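Since the model is a prediction, treat every value here as computed from it, not as a measurement. All chains are named by letter (A, B, ...) in the order of the sequence lines, taking the proteins before the strands, and each is independently numbered beginning at 1.
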2 protein chains.
Amino acid sequence: MGYNVMARTCPSRVVLHRIGARWTVFVVNALEHGPKRFVELKTHIQGITPKVLTETLRTLERDGLVLRTDHEENPPRVEYELTELGRSLLEPLRAVRRWAEAHVPEIEAANAAAAARES
Amino acid sequence: MGYNVMARTCPSRVVLHRIGARWTVFVVNALEHGPKRFVELKTHIQGITPKVLTETLRTLERDGLVLRTDHEENPPRVEYELTELGRSLLEPLRAVRRWAEAHVPEIEAANAAAAARES
DNA sequence: CCGAATCCGGCTCGATACTG
DNA sequence: CAGTATCGAGCCGGATTCGG
């Protein structure tokens, strides 16, 4: 108890900042059904660049949300999967994802209305 | 139906991108208990600058998540509150906030372990 | 005194190209 | 396959200024 994201110096802010990073929602959701390889993630999350995917995965790994397993084969085979902590984050982030997918029409209508009001 | 954030051109991505903006989680959570004035928000969300708060509120307003009411008084009094759409987003974002506040120790431990491994 | 708008530096983000 | 390197665009945040 005692953590509060509204407080300037609260460490939970750092955590929230990480979760809020641009591609975290995508990567965590993409790993919902078990381990995936780098290319599989890159293919599944359309439009993500290898650089950004690497950065996101490294951060998630340092935070203990993702486990990276290098099978040291040739050709290389590296797998990523959610840790238990990562899976606990999956639920909230899945909800956010579903909200985004469910409310596109409302958001678009609101934007259209705002644009019309300006002109 | 048919919206999928993993697809490059899906409009739900734009929506997810907005939600993921740095301060959206804070502002939406700060408005959970009803209307608040600009300064109240600024005070409650410690460390947010007026500029960023304004930008965030404007975006949320355009997306139909927040209603802005200028009471046209002197000194100025402007109130912000969640719309029905905004309140529906509050639930997922509150879950994210709670997750952040609940898992600080694990994240910090993971980071410490990662740092130790490097040295 | 409140609710901004403006300008600017730093840092992150993203596209493209290249490597082991 | 699984990344790195480089570089330009854009967002973030701070300081300053402004109208009511």
Requested in this report: For the residue pair A/W23 and A/F26, categorise the inter-ring angle as parallel (less than 30°), tilted (30 to 60°) or perpendicular (more than 60°).
Outcome: tilted
**Report entry** Within 6.0 Å of CD in B/E84, more than 12 heavy atoms from elsewhere
**Finding:** no
Report summary line: Atom CD of A/E40 and atom C1' of D/dC1 are separated, to the nearest Å, by 11 Å
Requested in this report: Nearest whole angstrom, please: distance from the P of D/dA2 to the CG of A/L53.
Outcome: 10 Å
Requested in this report: Would you kindly give the CZ-to-P distance between B/R22 and C/dG10, to the nearest whole Å?
Outcome: 19 Å
Query raised in the report: Roughly how many Å is it from CG in B/L57 to P in C/dC2, rounded to a whole number?
Result: 16 Å
Query - Earlier contact from the 5' end, DNA chain C, for B/F38 and A/T49 - result: B/F38
Report task. For B/R58 and C/dT6, give me the distance from atom CZ to atom P, rounded to whole Å. Result -> 12 Å
Report task. Assign B/P75 to base, sugar-phosphate, or nothing according to its heavy-atom contacts below 4.0 angstrom with the strands shown. Result -> nothing
Requested in this report: Calculate, to the nearest 0.5 Å, the distance between atoms CZ and CE belonging to A/R13 and A/M6 respectively.
Outcome: 8.0 Å
Query raised in the report: Charged N to carboxylate O under 4.0 angstrom, A/E79 versus A/K36?
Result: no
Query raised in the report: Would one find a side-chain N or O of B/R37 under 4.0 angstrom from OP1 or OP2 of C/dC2?
Result: no
Report summary line: Rounded to whole Å, the OH-P distance (A/Y80 to D/dA2) equals 8 Å
Report task. Figure out the CH2/C1' separation between B/W23 and D/dG14, and round it to whole Å. Result -> 13 Å
Query raised in the report: Considering heavy-atom distances to DNA chain C, does B/V78 or A/I48 have its closest nucleotide positioned more toward the 5' end?
Result: B/V78
Report task. Let me know the distance between CD of B/E55 and P of D/dG13, rounded to the nearest Å. Result -> 9 Å
Query raised in the report: Under 4.0 angstrom, heavy atoms only, what part of the nucleic acid is B/K51 near: base, sugar-phosphate, or nothing?
Result: base
